[in-house]
Each structure stands twice: as structure tokens, then as C-alpha cells.
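See below for the structure under consideration.
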2 protein chains.
Amino acid sequence: MRIERELMRGAGPVAVLKLLERHEMYGYELIDALSKRSEGVLALGQSTLYPMLYNMEAKGLIESTERAAPSGRERRYYRLTRTGHAQLAQQTEQWVAISRAMLALGILPGPTTTQEALA
Amino acid sequence: MRIERELMRGAGPVAVLKLLERHEMYGYELIDALSKRSEGVLALGQSTLYPMLYNMEAKGLIESTERAAPSGRERRYYRLTRTGHAQLAQQTEQWVAISRAMLALGILPGPTTTQEALA
DNA sequence: TGCTATACTATGTTATACGTAGTATGCGGA
DNA sequence: TCCGCATACTACGTATAACATAGTATAGCA
């Protein structure tokens with residue numbers, strides 16, 4: 001399922017923050033993880049993800065360390081800051097609110113059918 | 001619940017198309033309906049909604065007629081075109097896909113708790 | 001007459017998703 | 001040993017939508 005550009009807005013950043021919540025990850029790894037974990041729906045390109053990371057770091061949501069991987073290659077590992085955790089919580093709440101609204105309008109399937117529809 | 005600008009992207013248009021699915025409505029009425037039906041979450045301002053309508057009409061998703069309301073005031077009534085119906089169906093599908101992805105990532109609450117969480 | 005709600009138009013700003021292009025390295029096979 | 005490929009990241013330009021702000025005009029009511 002190909003998602004339109006504009007619908008992706010807002011979904012990407014929250015997803016990245018969520019992945020970084022557990023443990024640090026590097027860019028290339030995030031791209032892979034997002035794509036796989038969402039079955040291609042949140043498949044961000046490099047030109048989307050990397051600037052997003054720079055942006056988030058500038059805002060203090062994440063921080064990074066450049067470090068050699070076991071393979072010997074240099075990688076930049078990102079992890080959530082305290083601010084990032086707060087932001088994740090806030091944005092998650094907003095996503096739930098939007099979902100509720102979309103549900104109320106009948107765009108997302110109702111509670112009784114949610115399980116089958118989103119299964 | 002105040003929703004950030006970027007998270008709103010993509011949500012507005014689908015919601016508007018959905019409201020117009022049933023019967024024609026005019027701009028001011030749509031603003032009101034969106035705000036009320038979503039409990040303020042999809043509360044678009046005039047400067048967001050009107051350009052959105054012009055845009056959608058230019059794309060052929062909706063069409064309009066200017067007509068005097070019972071009150072005597074001129075209003076522009078919008079209704080879905082065939083293309084608009086198709087677009088609504090497609091975007092609805094995409095919204096479901098994104099929701100499923102957000103659910104898989106643990107951002108939206110899981111199936112068993114969806115009913116309570118979104119209730 | 002003046003105020004308020006209704007109804008719409010116009011313009012400029014900001015943010016981000018993505019296309020495209022380019023750089024550099026580790027590794028496996030021919 | 002050398003080539004090609006996957007890995008890993010950087011850089012720049014474009015398009016688009018959400019919104020702030022401002023302005024126009026009318027109906028109804030006190």
C-alpha cells in the first residue's frame with residue numbers, strides 16, 4: 001500500500017521516536033526497521049529519514065554518537081533524550097485523539113470491527 | 001486536545017470528503033461540523049478550509065453551486081464528484097493502513113484495548 | 001444605528017516529505 | 001587482486017498544505 005506524501009507527515013517522526021524508545025539505532029537500521037515493522041507503509045527513503053534525524057537532533061529530541069560498528073564501519077547511533085521521551089508521549093496522545101476523531105467520522109472502522117479490520 | 005500542525009496534514013481533506021459524501025454542505029457549515037463531530041480535534045480555521053475547498057474543486061474532487069440560502073444569504077454549496085468518491089475510498093484505505101502500522105509499532109493502542117482507549 | 005454571527009476571499013510564512021545526486025567503505029566472488 | 005554490491009551517510013532543490021493575519025460583505029437583533 002503506497003501512502004501519499006501528505007499522509008506521511010507526522011507519522012514518520014512519531015514512529016522514529018517510538019523505535020528509539022527501547023534502544024539506540026542508526027539511520028540505515030531505522031529505515032529498514034520502519035519498513036519491515038509496518039509492512040512497507042512507513043517505508044521512508046534516505047532523503048526523508050536522515051534530514052529528519054538531523055532536525056530532531058537540532059531540536060534536542062534525540063542525540064547521537066559516531067562509533068565504529070563491529071563490522072568496522074562508522075555509524076551514527078541515535079538515542080532519545082528526556083525531551084524526546086516527553087515529545088513521544090505527547091505525540092502519541094495526539095495520534096490517539098486523531099484516530100478517535102477519524103473513528104467518529106466513520107473513516108476508521110468502528111470499535112466492534114476494529115479487531116478484524118486492522119488485524 | 002490541540003493537534004500540531006504537521007500531524008493535521010492529510011487528516012483535513014479526508015474528513016471534508018467524508019462529510020460531503022452524504023449531502024452537499026457549504027464552507028462555514030463544514031468548519032462547524034468538523035469541529036463538533038471530532039470534539040475540536042479537527043477544528044480547521046477558515047484560512048485552512050476555504051483554500052482546501054478551492055484546491056479540491058480545482059482537482060475535480062468536489063464541485064459547487066452558489067445559491068441563496070433560505071435566510072437570503074449567498075452560500076457556496078459543495079458536493080462530491082465521482083472522482084471525489086474514488087479519492088475518498090482510496091484515502092480511507094490509506095488511513096486504515098497507517099493506523100494498522102501505528103498499531104503494529106505500539107503507538108496506537110492494541111486491538112484488545114482499542115475499544116476502551118478510543119471510547 | 002451599531003453590534004454580532006454568518007460567509008467568504010486573499011496573501012504570505014513555515015515545515016517537511018521526497019526526488020535526485022553524490023561520497024565513502026566493507027565484503028564476497030571471479 | 002579487482003570489481004560490484006550492500007551498507008551508511010550527506011546535500012540540495014521542489015512542492016504542498018496548514019495556518020496567521022487581514023479584509024469584505026450581509027442578515028438579524030437590540
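Throughout, protein chains are lettered first and strands after them, A, B, ... in sequence-line order, and every chain is numbered starting at 1. No hydrogens, no waters, no symmetry mates; every other heavy atom, side chains included, goes into these values.
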query: How close or far is atom C1' of D:dA8 from atom CZ of A:R67, stated in whole angstroms?
result: 15 Å
field: Parallel, tilted or perpendicular: ring planes of B:W95 versus A:W95, cut at 30 and 60 degrees
entry: tilted
task: Indicate whether OP1 or OP2 belonging to D:dT16 is found under 4.0 Å from a side-chain N or O atom of B:K59.
output: no
query: What's the CD1-P distance between B:I98 and C:dA17, to the nearest Å?
result: 11 Å
Closest nucleotide among D:dA6, C:dC8, C:dT16 to the B:E6 side chain: C:dT16
message: Using a 3.5 Å distance criterion without hydrogens, assess whether the side chain of A:Q94 forms a donor-acceptor pair with backbone atoms of B:L7.
response: no
Distance (rounded to the nearest 0.5 Å) between B:E21 CD and B:L80 CG: 7.0 Å
Residue closer to the 5' end of DNA chain C, A:M8 versus A:E74 (nearest nucleotide): A:M8
- request: Please state how far atom CZ in A:R2 lies from atom C1' in C:dG19, giving the value in whole angstrom units.
  value: 11 Å
message: Without decimals, in angstroms, what is the distance between B:I3 CD1 and D:dA17 C1'?
response: 17 Å
query: Under 3.5 Å, is there a donor-acceptor pair between the A:Y77 and A:R79 side chains?
result: no
message: From OH of A:Y78 over to C1' of D:dA8, roughly how many Å is that when rounded to an integer?
response: 11 Å
task: Heavy atoms only: give me the nearest A:Q46-A:P51 pair and the separation to one decimal.
output: O-CD, 3.6 Å
message: Closest approach to the side chain of A:R5, judged atom by atom: which nucleotide of D:dC9, C:dC18, C:dA7 is it?
response: C:dC18
query: So what does A:G10 touch, heavy atoms closer than 4.0 Å: a base, only the sugar-phosphate, or nothing?
result: sugar-phosphate
Spatial distance of atom OH (B:Y78) from atom CD (B:E24) [nearest 0.5 Å]: 12.0 Å
- prompt: Hey, is the main chain of A:I31 close enough, under 3.5 Å, to the side chain of A:S35 for a donor-acceptor pair?
  reply: no
- prompt: For the helix from C:dT1-D:dA30 to C:dA30-D:dT1, what is the angle between the axes at its two ends, each from 5 pairs, rounded to 10°?
  reply: 10°
- line: Residues of residues 35-56 of chain B with a heavy atom under 4.0 Å from any atom of DNA chain D, listed by number, are B:L44, B:S47, B:T48, B:M52, B:N55
- prompt: Whole Å only: how far is the CG atom of B:L34 from the P atom of D:dC19?
  reply: 12 Å
- request: Could you tell me whether the side chain of B:R9 has a donor or acceptor atom within less than 3.5 Å of a complementary atom in the base of D:dA17?
  value: yes
- line: Separation of D:dC29 atom P from B:R73 atom CZ, nearest Å, is 13 Å
query: Is A:R76 paired with A:E57 through a side-chain N to carboxylate O contact shorter than 4.0 Å?
result: no
- request: Looking only at non-hydrogen atoms, find the nearest pair between A:M1 and B:A97 and report the distance.
  value: CG-CB, 3.6 Å
- request: Rounded to the nearest angstrom, tell me the gap between atom CZ in B:R76 and atom P in D:dA25.
  value: 17 Å
- prompt: Checking all strands, does B:R75 fall into the base, sugar-phosphate, or nothing category for heavy-atom contacts under 4.0 angstrom?
  reply: sugar-phosphate
Whether B:Q87 side chain and B:L61 backbone form a donor-acceptor pair below 3.5 Å: no
